[in-house]
Every structure is written in C-alpha cells, then in structure tokens.
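The next block holds one structure in the form of structure tokens; read it before the comments.
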There are 2 protein chains.
Amino acid sequence: MDGESTAPRRRGAERTRELLDVILALAEESGYKGMTIEAVARRAGVGKHTIYRRWSSIAELLLDALSHVWVSDLDYRSDGPVREDLREQFLRSSRALSTPPIGPVYRAVIAEAQSDPAVRDALYNRFLVTVEQRTLERVQRAQRTGELDAEADLQFAAEMLSGTLYYRALLTPRPVDDAAIDGLLDMFMAAYATEP
Amino acid sequence: MDGESTAPRRRGAERTRELLDVILALAEESGYKGMTIEAVARRAGVGKHTIYRRWSSIAELLLDALSHVWVSDLDYRSDGPVREDLREQFLRSSRALSTPPIGPVYRAVIAEAQSDPAVRDALYNRFLVTVEQRTLERVQRAQRTGELDAEADLQFAAEMLSGTLYYRALLTPRPVDDAAIDGLLDMFMAAYATEP
DNA sequence: TTGCATCGACACGGTGCGTGCCGATGCCGG
DNA sequence: CCGGCATCGGCACGCACCGTGTCGATGCAA
C-alpha cells in the first residue's frame, strides 16, 4: 500500500520519490492513457522491476502519487459562518481537483477502481471518507454553536455535500463553479439552518 | 453512436442484437476486464470487422448495450406524496444499478469515460442528464401541487438527489440502501417541503 | 441469375503486462 | 579496507488485445 514508508533503504527512497514525480509528470502531459508502467520506466530510465518492487500494480502507484498531491485540502480552520467556511473549502478543493496533475491522477484511480474492488476500497478509505469526515466535523461544530439545527442527523448531509461535488467533477462534463456550490449550500442551509 | 438504428440491413440487425447480448453476458460473467472486442468476437463466433463495422470502439458498444438494459427506469407516474414517489423510484433504480449486467456495464462505461472526454459527454447526455431531468420534472410538479416551496430553484436539488446516489453506488463501496435514501430525502424535504 | 455487401477466418505489427535472467553498481558490516 | 549482497539498469520472453488488411464464401436483392 505505501511504497516508501516500508523501508528507507539505500538509494531506494530517492528513487521512489523520483518515480512518483515521473508519474505525476506523465499525468499532466498525456493523461490516463499515457500512465503505464512501461512509460514510467522509460521516462525514469529504470527497469520495470524497480517499479514492481515498490508497487504491485499501476493502481497502487497512482494511489500513492495521489497522496502526495492531494493532501486532503479540507482543513476547516476558519470560525466564520459555517456557510462561508464550507463555500470556501469547496471552491478550493474543486479548483485543486480540476488542476493538473491532480485531476488526471484522480480520474485514473477512478478508472482502475471500476475493475478492482480493492482499489475502490482504497479510494474510498484513503480519500473520499476523509473528505466526508472533515465536512461532517465542521457542520457538527456548527450545530454546537447553534448555527445549525441541533437535532439534525448530519451524516447523510455530509455525504451529500461532498458526493454531489465529486459527481459533478468526475462523472459529468460540467465544472464545479460558484453557482453549483451556492445552489448546493442553499439547499443545505434551507434544511438545517436555525436562522432563516 | 447507434449501431442498429442506422441501417436495418440484410442480416445485420440480428447480428447486432446478438453482439449486444454477448457483451451483456460477458459483463455478467467476467466484469470489465473480460469485456474486450476480441472476447466478444470469440464468444459470438464472429470476425472483429463485424464488430468494428457497427461500433468504432468498445466504449460505443458499451454505451449501446447500456441503452438496452437501462431504459431510464425513472418514470414517475404515481400521484402520491412526492417523497414516497421519489423514494420508490430511487430504490428501484439503485436496485437495478446493482444488478448484473447493468452494474458491470455502467462501471465499464465510467472507466472508459475517464480517459475519453467524448465518452464522458455521451455518458452524461444519454444517461445522467435524463435521470436528473426526470427528477426535476417530478419535483417541479410537486411545486405546482403545493407540496414543495413554489419559490425554490430545484435545478441543483435534482442534480444533488441523483448525484448523491450515483456517487454512493459507483464511487464508494457502500450500497444505496433504504437508510441512505431516507437520509437524503429527509434533507430534501426539510429544505423545500411546505408542510412541516 | 447476377452483383455486391456482408460475412468468418486468418495474419500482421504494435503496445503493454508481468516475469526471468543477466552483469554492474554502490552501500554496509566486519 | 574489503568482502558480501541487495538493489540497480538492461534485455528478452510469452501472452493478450488492439486496429487493420486481405482472403474466399455466403446469401440477399435487383
């Protein structure tokens, strides 16, 4: 699962970092179709064994690479109104998601996930769940401050907020723009805000 | 785009239908990895040209096959409470989505869509948009009957409803169960229902 | 019956996969 | 300082699938 955390061997760690950089560059230049083990090996001037020694499949490599560029942007530090805070974070991460190389790598992981349940689990547990969780914590904080209805169960609301953004960004050709985020938050606030 | 609607030629149409059946069978048995042009040709006892004559790529074939099994289930005919109607339709289509061969074919299309913008557009225009549209029409009808707030702009609400279900069904390992649908509808109704 | 599109079949070069086997390189312990 | 050894790059293999080309045959339609 983690290519580099297992063993900081001789010159292994440097090579590992190099290979991650190479696949990010390939993602940016040639997209999913260009992201193959052989292409990485060629570009890095490396034998394929050197890659297979670190990752058991292209999917593992992609997941690892994604970890390096998608450091789970959603860190809700602001103490402003919950709506403004959500709006800012959603804008920020959807901007990141549509910026190479994150977008192409994310798409590649999703493609791999469709044919490999293990990748689907990894995608979920290492990325999607984190985003949902951070969002849930933020809106629960807003419940405690009285901004949102204290009785509401916000579990599904958090899933819906991040899920709709992922749906639009990754399954439709539409961009996640201000209007989409505002529309989403309109509904969320209409449902749970204490003050009209 | 449509393999069979263009020309009801000699024995072409029969063959076309045969080939669609074959790829659906492959989807059910071996999943995405087994759905290749060569596998279809082998199974059908057919030259590859016979396939390429009808579809320009495996993605076109998949989209066509999906059309035959996913006849856009969402036909809101009931005149009951909008919430019950939505609930029933969501349950029905998410059950269909998780039933072979629809699920595997849908996953295959999504995988292809990640590397080909044209497939992404086709997936969106031929399937996702339809579901959103039907849902939008149903909730707008509920606006006219007074069940939902007449002032609300339900465009994004419709996207959110179907988007969240697709997100859960296709990008996460979680099933779309009653709890998820009820949670989603709780929020939707809390936001827009006229009667508390 | 003739003409022709479609058919199954086979073969081709190209690419990527995953593995196996080299000889060399450079680090680490003794 | 040197021996031992894991890791290294390079190369080759068999396999699978792609997309195209070229056969001769088959069967519908004029």
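Since we're looking at a predicted model, the values are computed, not measured. Chain A is the first sequence line, chain B the second, and so forth, proteins listed ahead of strands; every chain is numbered from 1.
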### Message
Does B:I37 reach a base, just sugar-phosphate, or nothing at all? Heavy atoms under 4.0 Å.
### Response
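If one applies the 4.0 Å heavy-atom cut-off, B:I37 turns out to touch the sugar-phosphate alone, with no base involved.
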
### Task
Identify the two heavy atoms, one from B:F156 and one from A:G183, that lie closest to each other, and give their separation to 0.1 Å.
CD1-CA, 3.5 Å

### Query
Over how many whole Å does the gap from A:L19 atom CG to D:dT7 atom P extend?
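Rounded to the whole Å, the gap is 15 Å.
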
### Query
Within this structure, what is the NZ-to-C1' distance between B:K33 and C:dG18, rounded to whole angstrom?
13 Å

### Message
If you assign each of A:H49 and B:R42 to its closest nucleotide in DNA chain D, which residue comes earlier from the 5' end?
### Response
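Whichever sits nearer the 5' end wins; that is A:H49.
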
### Residues B:E60, B:R53; criterion salt bridge (Lys or Arg N to Asp or Glu O under 4.0 Å); working and verdict
CA-CA 12 Å; B:E60 299 284 348; B:R53 200 173 294 118; over 6 Å; no

Reckon [X] has a side-chain N or O less than 4.0 Å from the OP1 or OP2 of [N]?
X	N	value
A:R54	D:dT7	no
A:R15	D:dG9	yes
A:T36	C:dT15	no

### Query
If each of B:K48 and A:E38 is mapped to the nucleotide of DNA chain C with the nearest heavy atom, which maps nearer the 5' terminus, i.e. the 5' end?
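On the 5' side of the pair lies B:K48.
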
### Task
Measure the angle between the two terminal helix axes of the helix from C:dT1-D:dA30 to C:dG30-D:dC1, five base pairs each, and quote it to 10°.
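Rounded value for the end-axis angle: 20°.
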
### Query
Would B:E132 and B:Y124 count as a side-chain hydrogen bond (donor to acceptor under 3.5 Å, both in side chains) if you check the C-alpha gap in whole Å, the side-chain angles of each, and the deciding distance to 0.1 Å?
CA-CA 10 Å; B:E132 286 186 28; B:Y124 181 63; 4.7 Å; no

Between side-chain atoms of residues 102-110 of chain A and protein atoms elsewhere (two or more places apart, or another chain), which donor-acceptor pairs fall under 3.5 Å?
unit_1 : atom_1 : unit_2 : atom_2 : d
A:Y106 : OH     : A:Y166 : OH     : 3.1
A:R107 : NH1    : A:L170 : O      : 3.1
A:R107 : NH1    : B:Q114 : OE1    : 2.8
A:R107 : NH2    : A:A169 : O      : 3.2

### Which residues share a ring pair (Phe, Tyr, Trp, His ring centres under 6.0 Å) with A:F188, sequence neighbours left out
A:Y192

